[in-house]
Amino acid sequence: MNSNIDDEKLDALLDQWADQGDSSERLVNLQKRIVSSLQETKFVATADLASKDSRRNTQHRVARNQWASRFAVGTVVTMLLTVGFVLPQWGRPVVSPTADLIPEYAWLQEEQIQNKSVLLAEMESLFDQQLAWMAETDNRLEFGLDRSLLGHTDNSHDHGRLTVRVIVEQRQQGSAVWQLAWAMDVVSRNEELVRVTPSKANGHDLQLWTYRLPDGAIAVESVFQLAGTNPFRARVSGLHLNTKPVKVVTVADNGAEYRVFQSVAVLDGRVI
Amino acid sequence: MWSNSVRRASFRLAARPILSDSDQNLIDQFRTTGQIAFLEELLQRHLRPIRDLVFQMVLNQDAADDVTQDIFLRVVRGIDRFEGRSKFSSWLFRIAMNTVHSYMKACRASRFEFCDELPAESTISRLAPDGPMLQAELTTEIQVALARLSPPLRAAIVLVCLHGHSAAEAANIEDCSTDTMYWRVHEARRQLKELLAEHLQ
């Protein structure tokens with residue numbers, strides 16, 4: 001009986017979660033995207049039909065013309081040569097221009113994590129343990145202080161320091177090459193709301209909040225706002241595994257494409 | 001000029017599928033005329049449940065969009081293979097789940113990859129320590145719990161509990177026996193109840 005009640009509660013919980021689904025706007029955009037792909041598919045199908053028709057016509061003419069027949073034989077030989085030499089080239093693995101490979105700089109390397117720990121320790125000492133967060137971007141260091149910690153000797157708040165790396169890449173639509181548009185490393189306390197203001201980040205804006213779950217996963221909520229000729233704004237929430245970069249956003253707008261990678265590392269116990 | 005535009009408008013109306021058309025009719029009309037409008041109608045009918053299904057499986061909004069797009073392209077490419085013996089929606093769900101499983105297999109960390117956005121109505125103000133953040137935490141915990149289930153168990157709970165398929169239908173979609181599907185739903189429930197115990201009290 002209890003089990004049935006639990007089942008009902010579980011179902012209600014899952015239903016509640018499922019009902020929070022995606023926004024209508026997202027669905028409309030997805031529909032447009034798929035229709036656009038369908039139209040391309042249809043175009044290919046039409047092209048296939050056209051080529052079949054043309055082949056049929058060629059066969060008809062060949063039957064009437066010996067010269068054309070020889071030409072057709074030559075064409076077939078050329079096609080066979082193509083099949084023999086060109087197709088194997090296609091079979092070789094190539095890097096797709098749209099391949100979503102994680103760029104190397106999105107990874108938080110062990111040495112970098114260690115350096116951040118050392119820097120954090122120094123800055124905390126410098127600011128008398130009032131440091132709430134610090135952010136590195138464009139060779140600058142930004143700080144957020146928490147005055148409520150003034151005079152605190154208890155370092156318990158230091159447990160749960162995390163570093164988050166945010167990488168924004170940009171490319172023009174049709175281009176194969178992604179370029180780094182913005183990179184930022186943030187070190188913050190667990191459950192600290194960090195906001196790096198536009199004036200300090202070339203007009204870009206980042207809001208970040210991290211929360212460590214008991215099982216070691218890290219929940220991160222972030223809002224990015226990129227300034228410039230093609231500004232974009234995105235908000236994401238999700239779970240991260242320690243140090244593993246994740247592509248959290250892909251946006252295509254006004255002829256430009258953006259993608260955002262995020263990685264998180266725990267700094268606990270690294271500072272001696 | 002005016003009459004031309006009227007003609008064009010009436011042509012569009014004529015070409016537009018009637019809303020009451022069955023899925024099978026739409027497919028037949030697409031096969032006959034090649035008009036993409038019939039596919040668009042099918043897409044409009046089935047996009048939301050399929051997109052929901054995909055997100056509930058992959059737990060990542062961007063990936064859900066990509067996989068959903070892939071599913072509908074596969075459906076269109078394979079539409080000639082749809083023989084009408086089963087409902088179109090069953091066939092579509094089967095393709096969807098196959099595509100999702102392929103995607104998850106391709107992702108090495110498929111059991112625990114990245115759970116994406118919280119509810120759309122959420123705003124940054126929710127980050128205040130008291131108040132709606134609790135709801136966001138619960139949402140995250142449910143996603144974490146689902147992510148912990150193996151793909152077959154997740155598929156079972158999603159198909160049966162969230163999409164209302166019978167065990168037999170879900171078994172058909174997942175290509176397993178009905179008994180196996182019953183067991184998977186039971187096991188998925190057991191694991192979820194353990195993982196979400198504090199919210200079920």
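Every chain is numbered from 1 and lettered A, B, ... according to where its sequence line falls, protein lines coming before strand lines. Reckoned from all heavy atoms, side chains included, excluding hydrogens, waters and symmetry mates.
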Give me the atom names and distance for the closest heavy-atom approach of D15(A) to C161(B).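 Closest pair (atom of D15(A), atom of C161(B), distance): OD1-O, 3.9 Å.
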Below 4.5 Å from any heavy atom of chain A, which atoms of L200(B) appear? Answer side chain, backbone, both or neither.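 For L200(B), heavy atoms of backbone and side chain both lie under 4.5 Å from chain A.
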Measure the [atom1]-[atom2] distance between [X] and [Y] for me, rounded to the nearest 0.5 Å.
{"X": "L14(A)", "Y": "L196(B)", "atom1": "CG", "atom2": "CG", "value": "7.5 Å"}
{"X": "L195(B)", "Y": "L10(A)", "atom1": "CG", "atom2": "CG", "value": "10.0 Å"}
{"X": "W17(A)", "Y": "L162(B)", "atom1": "CH2", "atom2": "CG", "value": "6.5 Å"}
{"X": "Q31(A)", "Y": "E40(B)", "atom1": "CD", "atom2": "CD", "value": "7.5 Å"}
{"X": "L27(A)", "Y": "R48(B)", "atom1": "CG", "atom2": "CZ", "value": "5.0 Å"}

With a 4.0 Å cut-off, would you call D62(B) and R26(A) a salt bridge?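 Salt bridge between D62(B) and R26(A), a charged N being under 4.0 Å from a carboxylate O: yes.
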Side-chain heavy-atom pair K193(B), D7(A) within 4.5 angstrom cut-off: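 Counting from C-beta outward, K193(B) and D7(A) do come under 4.5 Å.
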Would you call R189(B) and D11(A) a side-chain contact if the rule is heavy atoms closer than 4.5 Å?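 R189(B) reaches D11(A) side chain to side chain.
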If you count heavy atoms of other groups shown closer than 6.0 angstrom to NE2 of H186(B), is the number above 12?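 No.
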Quick check: are there more than 12 heavy atoms from other residues, nucleotides or ligands sitting under 6.0 Å from OH of Y182(B)?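 No - once you tally the heavy atoms of other residues, nucleotides and ligands closer than 6.0 Å, there are 12 at most.
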Residues L13(A), L138(B); criterion side chain to side chain contact (heavy atoms under 4.5 Å, CB included); working and verdict: CA-CA 9 Å; L13(A) 211 57; L138(B) 174 59; 4.1 Å; yes
